[in-house]
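See below for the structure under consideration.
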Amino acid sequence: MTAESVREQILLCVESIPPGRVMTYGDVAEYIGSRAPRQVGRVLSEGHNVPWHRVVHFDGSCTAALSVEQRQRLISEGVRFLGERVDLKTHRWDGQPG
DNA sequence: ATGTTGACACCGG
DNA sequence: TCCGGTGCCAACA
């Protein structure tokens, strides 16, 4: 498991998130077997062609610097917001197709 | 090798 | 619910 493959796994995982669903950084990290949620954010910050907006914080809050953009995109996909946070109980995706 | 930083997570008050 | 502190891992100077 090289660092490069980890990046691939992260991107694959994020790409696999269906519209209208979200995952937390920790979820993605755990999904690929990493214990570094920060690395997820770091990889996404590199700027890839992936739905990064479907990755939110543990409490459902959006990424600070991109809160506006992220919220817009999510709402555009039908994600419901409770104030400034995503309704994780409804939209959180475990990575399982069902 | 060491210290600092970061699109984070978790616990306690 | 909001805020502060701590733990964790990887990249960078």
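In this text, all values refer to a predicted model and were calculated from it rather than measured experimentally. What's counted below: heavy atoms across the whole structure, side chains too, no hydrogens, waters or symmetry copies.
Here A:H48 contributes atom NE2 and A:R7 contributes atom CZ; the two are 6.5 Å apart, rounded to the nearest 0.5 Å. Rounding to the nearest 0.5 Å places OG of A:S16 at 9.5 Å from CZ of A:R54. Of the inter-residue distances, the one linking A:D27 atom CG with A:D94 atom CG reads 7.5 Å to the nearest 0.5 angstrom.
Under the rule for a salt bridge (charged side-chain N to carboxylate O under 4.0 Å, His left out), the partners of A:R42 that lie at least two apart in sequence or sit in another chain are A:E46.
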Between N or O atoms, less than 3.5 Å apart, protein on one side and nucleotides 10-13 of chain B on the other: list the pairs.
none

Could you pull out every donor-acceptor pair under 3.5 Å between side chains of residues 32-39 of chain A and any protein atom, sequence neighbours left out?
unit_1, atom_1, unit_2, atom_2, d
A:S34, OG, A:A36, N, 3.1

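At least one donor-acceptor pair under 3.5 Å links the side chain of A:Q70 to the backbone N or O of A:V55. Between the side chain of A:H91 and the backbone N or O of A:G20 there is at least one donor-acceptor pair closer than 3.5 Å.
Near-neighbour residues of DNA chain B inside residues 20-29 of chain A, defined by a heavy atom below 4.0 Å, number-ordered: A:T24, A:Y25, A:G26.
Dashed line: the shortest gap from a side-chain N or O of A:H57 to OP1 or OP2 of B:dA7 is not under 4.0 Å.
Using a 4.5 Å heavy-atom threshold, the side chains of A:H57 and A:C62 count as separate.
Hydrophobic cluster membership for A:L12: none, as no Ile, Leu, Val, Met, Phe, Trp or Tyr side chain comes under 4.5 Å of it.
Atom CH2 of A:W52 is separated from atom P of B:dC8 by 13 Å (rounded to the nearest Å).
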- Could you walk me through whether A:R73 and A:E69 pass the salt bridge (charged side-chain N to carboxylate O under 4.0 Å, His left out) test, one step at a time? CA-CA 6 Å; A:R73 290 175 179 272; A:E69 187 107 5; 3.5 Å; yes
- Expected string for nucleotides 1-13 of chain C under the B/S/- scheme (protein heavy atoms, under 4.0 Å, primed atoms plus P, OP1, OP2 as sugar-phosphate) is SS-----SSSS--
